[in-house]
Protein chains: 2
Amino acid sequence: MRDVAREVGVSVATVSRYINGSAPVSPEVAERLEQIMAELKYVPHSAARQLATRKTMVVGLLLTNMYNDFFGPLLYGIESVVGEHRYNLLVATCRLDNQTNISLPIGPHNTDGLLIFAGSIKDDDLAELSSQGFPVVLIHHTAPESLSIPCVTVENKAATYKLVSHLIEDHDRRQIVFMKGPSQQEDSYWRKLGYLNALRDHDIEINPKLMLTGEFLHGVAYRSLKDFIDRSDPIDFDAVFTGDDDAAIGVVEALTECGIRIPEDVAVAGFDDSRLSAFLNPPLTTVRAPTAEVGRIAAKNLFNLIEGHPVDDVTLLPTEIILRRSCGCNSG
Amino acid sequence: MRDVAREVGVSVATVSRYINGSAPVSPEVAERLEQIMAELKYVPHSAARQLATRKTMVVGLLLTNMYNDFFGPLLYGIESVVGEHRYNLLVATCRLDNQTNISLPIGPHNTDGLLIFAGSIKDDDLAELSSQGFPVVLIHHTAPESLSIPCVTVENKAATYKLVSHLIEDHDRRQIVFMKGPSQQEDSYWRKLGYLNALRDHDIEINPKLMLTGEFLHGVAYRSLKDFIDRSDPIDFDAVFTGDDDAAIGVVEALTECGIRIPEDVAVAGFDDSRLSAFLNPPLTTVRAPTAEVGRIAAKNLFNLIEGHPVDDVTLLPTEIILRRSCGCNSG
DNA sequence: CCGGTTACTGTAACCGGTTACATTATTCCA
DNA sequence: TGGAATAATGTAACCGGTTACAGTAACCGG
């Protein structure tokens, strides 16, 4: 920058003002600046600018991991909004079970705001950020009431309720296995509630033996269901709500291996409507969750927060039931 | 930091030295520092540190977009290595066709090195970075020879050659449609070459009419093949090499819609072995590309570059043919 | 013709760290 | 016991921008 200033014959202040448009600059100087900056390929150093302005033009995204299909669309949604605002996106992963008390890799010291996915932060870290008035938006995870941090997630309970009711009412299933998701993720809780309420409202007794562990991972779900099948001979269940689509992969695999027909013997339903689900054999009945939209809205909310605008405390995006063959529909 | 120093009764220099372990600090002071830093929840400001040390502890990833299944595994591989090195990952998207001459969102001014995916940067920008001695690793894209920038990609040609030969030799196909990928991506070129060589070595004449546009996108591939089918009545092809698995989705959809049986009437083969491919109907014969591994190695190479170690100019990861039902194998 | 804007520019303090250099106290060894 | 090395710390310059403040010159309305 000094070089540019010297070359043009003005002070660095003038260069800075021209770049930021923070004060008028004479046309002749402007032209010279434009030319010299191009010639010298000058690019302002972000760290210096960050230090002086106390803005980083970066938003952070904190995830638990990157290997679920879920994150592709989420990132896509986030990135598109972040890009529009000419911000950059800093991505970090951090698991809750990481008990070592190291501080977060991203935070107020290197970003202007944080998008935090379920289970990637401890409540007290969150409280700390919040108390500093640092902009934070949670994704698929609501904050402790006392904090009032905005959150963007999807309607889990109603959709699960509706889907399980569909299995009961339209396909006459009553022994419905439920695969639990990771306990740190609220989605797991609400989906379970939807399931339980549906059973209750249809006067079906809840059978704890039918509650298996799926963890939203096909490997875990596969193992879990396989063991369950081995334990229960003959089969005494007629449907599986897999928790999410990834787990559904494992479920379908396990059932198929055991020669159990889908949906004739056992109906299967998932959650997410990930790209895969339409291609499973049979195509998976599931709940469409607008994941990219979640990312987009979360990012938008974060920018509103950064700019000081008000933001809804909870944004619950609607979900939609997608009936395919795995529950017994569309058999034609 | 000043606060911490004052509270402990030492100078900021001592605080800095303790934090960085750059010089010995007396045990008593160390203990006091530890305590006060925790109390004040002090976290060093990255921008200030960056400015003073001229290191950002950030690597950048430049992509064309985020909506291909390909990027999930790639990011996963990259992030795992970046995290290990306690660096952060700055993600930005930038399309080549973006002819406006704006400078890159990430570069030497805010990162210590760049991972650049095919087609997200212009050659002269690349030359500029290279001439500054800035660490860069290319992904699925080799630099102009003059530059000698390391690149990590997968073996495209040999695998495509082998797969097309398989269609010819084992399934007796001779009218093989080829769907071209995006022209800025080298993968497209090498896969095409593999296809052409396979035809040549089996004395099959090349028919330009069989070269369609797939762009590695299911939507484009679907449209393209559908039009082709409409134009050619009766069908005069017996196989499709789709270019990649995403395009294969569109191809399968188009064929199925037209009542063309896979693989009886038309064999289909893809590239990537994305998660979907095993679940397509029929399961897709494809080439397994170790995408996460590409990300991992690219990141490792970048760190080697940053640390001044030598790095291979081109890393070509082996690919493997996966035979499933869509080509006519495993029909049992 | 004059006080008040407005346009443009420079000087220098500041953002929050790091580190070269200087200083003092202590230890070590011939 | 004296000189050199070592430990522990402080002072202040510096990284590369931004911006408050001040100043000059041209312009404008009465």
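Protein chains get the first letters and strands the later ones, always in sequence-line order, with residue 1 at the start of each.
- For A:Ser16, taking side-chain heavy atoms from C-beta onward, the closest of the listed nucleotides D:dT18, C:dC8, C:dG16 is D:dT18.
- Listed nucleotides C:dG16, D:dT9, C:dT18 differ in distance to B:Thr14; the shortest reach to its side chain belongs to D:dT9.
- Look at CD1 on B:Ile19: it is 8 Å from P on C:dG17, rounded to the nearest Å.
- Listed candidates were C:dG16, D:dT11, D:dT18. Nearest to the side chain of B:Ala13 is D:dT11.
- No N or O donor and acceptor, one from the side chain of B:Arg2 and one from the base of C:dG17, sit under 3.5 Å apart.
- Nearest nucleotide to the B:Ser26 side chain, out of D:dA8, C:dG16, C:dT9: D:dA8.
- Closest to the side chain of A:Asn20, out of D:dG17, D:dT18, C:dG17, is D:dT18.
- We find that NE2 of A:His109 is positioned 17 Å from C1' of C:dC15, with the value rounded to whole Å.
- No donor-acceptor pair under 3.5 Å is formed between the side chain of B:Thr56 and the backbone N or O of B:Gln50.
- Distance CD (A:Glu31) to P (C:dC8): 15 Å, rounded to an integer number of Å.
- Of the residues B:Phe216, B:Tyr76, B:Phe117, the one that meets the ring-ring contact (aromatic ring centres under 6.0 Å, His included) test with B:Phe70 is B:Phe117.
- Side chain of A:Asn110 to main chain of B:Asn88: no donor-acceptor pair is present (N/O by atom type, distance under 3.5 Å, no hydrogens or angles).
- When distances are taken from the side chain of B:Arg54 to each of D:dC15, C:dT18, D:dT9, the shortest belongs to D:dC15.
- Residue A:Gln50 contributes atom CD, which lies 18 Å from atom P of D:dC15 at whole-angstrom precision.
- Residues B:Val294 and B:Leu317 are in side-chain contact: their nearest non-hydrogen atoms beyond the backbone lie under 4.5 Å apart.
- Using a 4.5 Å heavy-atom cutoff, the side chains of A:Lys55 and A:Tyr87 are in contact.
- Distance B:Lys55 NZ to C:dT18 P: 14 Å, rounded to the nearest Å.
- Of the candidate nucleotides D:dG16, D:dG10, C:dG17, C:dG17 has the atom lying nearest to any side-chain atom of B:Met1.
- The separation between A:Arg6 atom CZ and C:dG10 atom P is 14 Å, rounded to whole Å.
- Comparing B:Val10 and B:Ala52 by the nucleotide of DNA chain D that holds the closest heavy atom to each, the one mapping nearer the 5' end is B:Val10.
- Nearest nucleotide to the side chain of B:Ala48, out of D:dC15, C:dC15, C:dG17: C:dG17.
- Candidate nucleotides D:dG16, C:dT9, D:dA8 were compared by shortest atom distance to the side chain of B:Pro24, and D:dA8 ranks first.
- The residue B:Tyr18 sits apart from the nucleic acid: no heavy atom pair falls under 4.0 Å.
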* I would like to know whether B:Thr315 and B:Asn301 meet side chain to side chain contact (heavy atoms under 4.5 Å, CB included); could you show each step before the answer? => CA-CA 10 Å; B:Thr315 307; B:Asn301 281 355; 3.7 Å; yes
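- Whole-Å rounding puts the A:His45 NE2 to C:dC15 P distance at 19 Å.
- Of the candidates D:dA8, C:dG17, C:dT9, C:dG17 carries the atom nearest the B:Arg49 side chain, counting heavy atoms from C-beta on.
- Heavy-atom distances to DNA chain C give each of A:Arg17 and A:Thr53 a nearest nucleotide, and the one nearer the 5′ end belongs to A:Arg17.
- Contacts of A:Val15 with the nucleic acid, taken as non-hydrogen atoms under 4.0 Å apart, are absent.
- Nucleotide D:dG29 has C:dC2 as its partner under the Watson-Crick or G-U criteria, with both atom distances under 3.5 Å.
- Rounded to whole Å, atom C1' of C:dG16 lies 14 Å from atom CG of A:Asn110.
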